[in-house]
Protein chains: 2
Amino acid sequence: MNAPLSERRQAQLTALIDAAERRIAQGGAASLRARDLAADIGIALGGLYNIVADLDELLLRVSSRTLGRLGEALTATSDALPLETKDDAVNRLVAIAHAYLHFARDNLLLWRTLFELHLAEGTALPAWAADDQLRLFPHVAAPLALLVPNMDEPRQTLAARTLFAAVHGIVTLGLEERLVAVPLTALEGQIEWLVRATCRGLRG
Amino acid sequence: MNAPLSERRQAQLTALIDAAERRIAQGGAASLRARDLAADIGIALGGLYNIVADLDELLLRVSSRTLGRLGEALTATSDALPLETKDDAVNRLVAIAHAYLHFARDNLLLWRTLFELHLAEGTALPAWAADDQLRLFPHVAAPLALLVPNMDEPRQTLAARTLFAAVHGIVTLGLEERLVAVPLTALEGQIEWLVRATCRGLRG
DNA sequence: TGCAGGATTTGAACGATGTTCATTTTTGCG
DNA sequence: CGCAAAAATGAACATCGTTCAAATCCTGCA
């Protein structure tokens, strides 16, 4: 899986991920069919398994791409805002949380597959997949470091994780729609309120 | 599905839910096999579909039971604490959040199936399943009402939802273990910190 | 008691699905 | 051109959830 791929293989892999991405965006991860994907990229059914070990690996590769796009969205948001004062830090955290909400909403089914991945008991996440997740972290950690410079680094990391998780929870249940549909602006308001409240808690 | 069930049918249904609960607790919702369940309760394969419309309904019935047990756990936690002052309210919210964390940890796979339910596009959640979720709400709403009595009721409801969602997010990502395992005490600390910070935000 | 007829249970069969692998086809090179 | 290695093929397999005609059981009545 780590050996250098030939040009042709790389093109096939890209086409396969493209097709899977399209199908997931349209019908969710559960709607992926090996036969459909093979037809999509014009190869025989068995040929899939020359490109990818199984459909789980394909899900991981799509997720990797989704995480990449999410990272770009957060970067764009961060770059558009100053980060000098502590108020800047709070504003940035709010903006990043809002960007997260909007990305999730605009890429709902792809975003959901990020968390639907059920890897078997013993098997660990491949390193390239774990890296994608870790790359997101600095977006939260950087403003936080400015906000509470006195806090030791392990605590900062934990606080960043907690803040992200809290926002993630609001987004997750907010986009669920299983029970009640929460308007987008209400979600934005609640996220902003929570982020500001926790920031105030951190500062003093 | 609403017609009065005969005694025998009711016993079969209970046995079936028992078996499904055991298997989910052991291997997760994805490990449910119609053939295994039929064997577990000593009926033929096809007989399952005289008890339950499909495996999704069985998942819903197990989830209903899990939500019931979660409700009992939260009730026990609430009943053990006074609720007179605003500080009581904060303490109760912290305690409830901690109880939620522990329930999720102690019933990890059953708790996860609560959120893995993927009902098809058009079909809505049965009323009896939706009720189970709504029954949980007062546990958060009651202390909140004491904490911010001036807030109008829709805002209180939204705040309760947001607080619950935030805690839920911390619990979800904290028990994930996909990337890094967070110690239980650290999770408890972060939850308490977040709840207290948001409560301070609400009061002030 | 014996039997008719409805209710219940059965398990073989069906249609999908992911994955494998012997066979065929293509490719690359001396 | 020839031929070995690599890649592609698609039939076959094992497992699923679900269906349904047939077998079985049960119950009330003559």
Side-chain angles (χ1 to χ4, degrees), chain A residues 1-17 19-24 26-63 113 116-123, chain B residues 1-17 19-24 26-63 113 116-123:
Chain A
M1 191 152 59
N2 283 328
L5 263 42
S6 80
E7 201 173 308
R8 173 167 180 70
R9 262 297 152 72
Q10 189 57 256
Q12 280 185 321
L13 177 57
T14 301
L16 180 56
I17 299 174
E21 200 175 26
R22 257 193 314 272
R23 288 199 174 267
I24 291 174
Q26 226 279 323
S31 75
L32 277 194
R33 299 291 115 107
R35 284 163 178 80
D36 293 341
L37 292 166
D40 283 348
I41 65 175
I43 64 171
L45 175 57
L48 278 190
Y49 300 90
N50 299 327
I51 307 176
V52 129
D54 51 29
L55 289 191
D56 275 354
E57 189 199 322
L58 183 55
L59 281 182
L60 271 179
R61 304 219 104 108
V62 173
S63 290
T113 76
E116 280 175 6
L117 211 9
H118 268 302
L119 38 103
E121 191 74 21
T123 64
Chain B
M1 193 150 63
N2 282 328
L5 263 41
S6 80
E7 202 173 305
R8 173 165 180 72
R9 262 298 156 71
Q10 189 57 255
Q12 280 184 321
L13 177 58
T14 301
L16 180 57
I17 299 175
E21 199 174 27
R22 258 194 314 272
R23 289 200 174 266
I24 291 175
Q26 226 279 322
S31 75
L32 276 195
R33 298 295 113 104
R35 285 164 179 80
D36 292 342
L37 292 166
D40 283 348
I41 65 174
I43 63 171
L45 175 57
L48 277 191
Y49 300 90
N50 299 327
I51 307 176
V52 130
D54 51 29
L55 288 191
D56 276 353
E57 188 198 323
L58 183 54
L59 281 181
L60 271 180
R61 305 219 102 109
V62 172
S63 290
T113 75
E116 281 175 6
L117 212 2
H118 266 303
L119 38 103
E121 192 74 22
T123 64

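So that the names make sense, note that chain A is the first sequence line, chain B the second, and so on, each numbered from 1. Note that this is a predicted model, so its numbers are computed, not measured. All values below were derived from every heavy atom in this structure, side-chain atoms included, with hydrogens, water molecules and symmetry-related copies excluded.
- Pairing each heavy atom of A:A38 with each of A:A44, the nearest pair is CB-O, 3.8 Å.
- Residues B:I51 and B:I43 are in side-chain contact: their nearest non-hydrogen atoms beyond the backbone lie under 4.5 Å apart.
- Using a 4.0 Å cut-off between a side-chain N of Lys or Arg and a carboxylate O of Asp or Glu, B:R23 and B:D40 qualify as a salt bridge.
- At distances below 3.5 Å, at least one donor-acceptor pair connects side-chain atoms of A:D54 with backbone N or O atoms of A:E57.
- Atom pair B:L58:CG and D:dG17:C1' shows a separation of 13 Å (rounding to whole Å applied).
- Within the 4.5 Å cutoff, side-chain heavy atoms of A:L37 are placed close to those of A:L55.
- The residue B:L32 sits close only to the backbone: its heavy atoms come under 4.0 Å of sugar-phosphate atoms, none of a base.
- Side-chain contact check for B:R61 versus B:L16: every heavy-atom pair is 4.5 Å or farther apart.
- In this structure, B:D54 atom CG and D:dC16 atom C1' are separated by 14 Å, rounded to whole Å.
- For the 3.5 Å distance criterion, the side chains of A:R9 and A:Q12 qualify, holding a donor opposite an acceptor.
- A:D56 contributes no side-chain N or O that, together with a main-chain N or O of A:L59, makes up a donor-acceptor pair within less than 3.5 Å.
- Of all nucleotides in DNA chain C, those with any atom nearer than 4.0 Å to a heavy atom of chain A start and finish, going 5' to 3', at C:dT17 to C:dT20.
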Please list, pair by pair, any protein nitrogen or oxygen found under 3.5 Å from a nitrogen or oxygen in nucleotides 8-12 of chain D.
from: D:dA8; atom 1: OP1; to: A:R8; atom 2: NE; distance (Å): 3.3
from: D:dA8; atom 1: OP1; to: A:Q12; atom 2: NE2; distance (Å): 3.3
from: D:dA8; atom 1: OP2; to: A:R9; atom 2: NH2; distance (Å): 2.7
from: D:dT9; atom 1: OP2; to: A:A44; atom 2: N; distance (Å): 2.8
from: D:dG10; atom 1: N7; to: A:G46; atom 2: N; distance (Å): 3.3

